K.L.:
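Take this structure, written in structure tokens, and hold onto it; I'll ask about it next.
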Amino acid sequence: MNKELKTIFSAVQPSGFLTLGNYLGAIKNWIGFQENFKCIFSLADLHTITVLQNPKELKSRTKELYALFLSCGIDPKKSIFFIQSQVHTHAELSWILSCFTSFGELSRMTQFKDKSQKHANNINAGLFGYPTLMAADILLYNTDIVPVGADQKQHIEITRDIAKRFNGIYGEVFKIPEEFIPKIGARIMSLQEPEKKMSKSDANPSSYIALLDSPETIIKKFKKAVTDSENEVKFTGEQTGINNLINIYSSVTGKTTAQIETEFEGVGYGKFKMSVAQAVIEHLKPIQEKFSYYISNEDYIKACYEEAKEQALIISERTLKKVKEKIGFVS
Ligand code: TRP
């Protein structure tokens, strides 16, 4: 890997399957970054256990998701793509950073407030300390840029605060990262409630397209997609069903909204929905084909995450060693 390149770090939790929203809003960008950045990506399974997981499901989901990311175009030769729990430095640095993070600032995290409402019977210390683990993920790799959804911005801000605080005491140990919140495709909304983000945790499966949905399912879901009564394919930029469909169509075809408006002038919503469905099916087809190949080649998948783990260890152990020396731990 080229040393001059800036480092990108990002991660997703293996907490469910991937939706079209995840793909267009995040993963597709990751694929592009591989050409111009040193990319480090992770499946953040340590974060996932802040909510109780079924062991068997967590394991198979993590492997499946790993295979799916490769299918989407994460190239193990270009990126380091590892499974967080396999790299011990993350939990270790997280503990250290938690001693430089205050109760008050963690209490102010909106995600903590949301999640503790949602999981009121299991508000564990891991959920509370979640941002220090995320800070560890990022800071271990001298990360320059962290591409994330807007909902994670606060976590990058606290990462910077923690890093600066530590550097203030011990000298320049951590690089201060910046977030990058992509605009295009970033806001793929629910097909049922277009004012809400498309989410895999939505109770209504018609609200999202899963990356592995069959063509029949995709058609059915787009047919059911909520639109207004205008019946005109016109982009206003508002958070409406039709704008969301136009966004989706634009993201998978690369066409501009103006081109789309011309293409569908005088065509009603029904026909447009079918065109969106077809375009999405075409877009997902090669991914789904690769997925069936990878998932039946478990040895290959394993070789990829084992290799990535070694590479992640080399970089992150270097940072952790520096941190421990600064603090005064006996080496
Ligand atoms: N918390 C992130 C999410 O739920 C996932 C994540 C974990 C992450 N560690 C990270 C994202 C480090 C960016 C950088 O979306």
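One-based numbering, in listed order, for ligands and for the atoms of each. Here the structure is a predicted model, which means the values were calculated and not measured. Count residues from 1 along the sequence.
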K.L.:
Is the shortest heavy-atom distance from the side chain of Cys39 to the side chain of Phe41 under 4.5 Å?
P.N.:
yes
K.L.:
Using a strict cut-off of less than 4.0 Å between a Lys/Arg side-chain nitrogen and an Asp/Glu carboxylate oxygen, indicate whether Lys153 and Glu157 qualify as a salt bridge.
P.N.:
yes
K.L.:
Evaluate ring pair (Phe, Tyr, Trp, His ring centres under 6.0 Å) for Phe112 paired with Phe128, printing each intermediate quantity in order.
P.N.:
CA-CA 6 Å; Phe112 172 69; Phe128 190 62; 4.9 Å; yes
K.L.:
What residues form a ring-ring contact (aromatic ring centres under 6.0 Å, His included) with His47, not counting sequence neighbours?
P.N.:
Tyr130
K.L.:
So, are Glu317 and Lys321 salt-bridged, with charged N and O less than 4.0 Å apart?
P.N.:
no
K.L.:
List ligand 1's nitrogen or oxygen atoms that come under 3.5 Å of a protein nitrogen or oxygen, with the partner atom and distance.
P.N.:
| from | atom 1 | to | atom 2 | distance (Å) |
| --- | --- | --- | --- | --- |
| ligand 1 | 1 (N) | Tyr130 | OH | 2.7 |
| ligand 1 | 1 (N) | Gln152 | OE1 | 3.3 |
| ligand 1 | 4 (O) | Gln13 | NE2 | 3.4 |
| ligand 1 | 4 (O) | Tyr130 | OH | 3.2 |
| ligand 1 | 9 (N) | Asp137 | OD2 | 2.7 |

K.L.:
Between Lys196 and Asp202, does at least one N-O distance fall below 4.0 Å, as a salt bridge requires?
P.N.:
yes
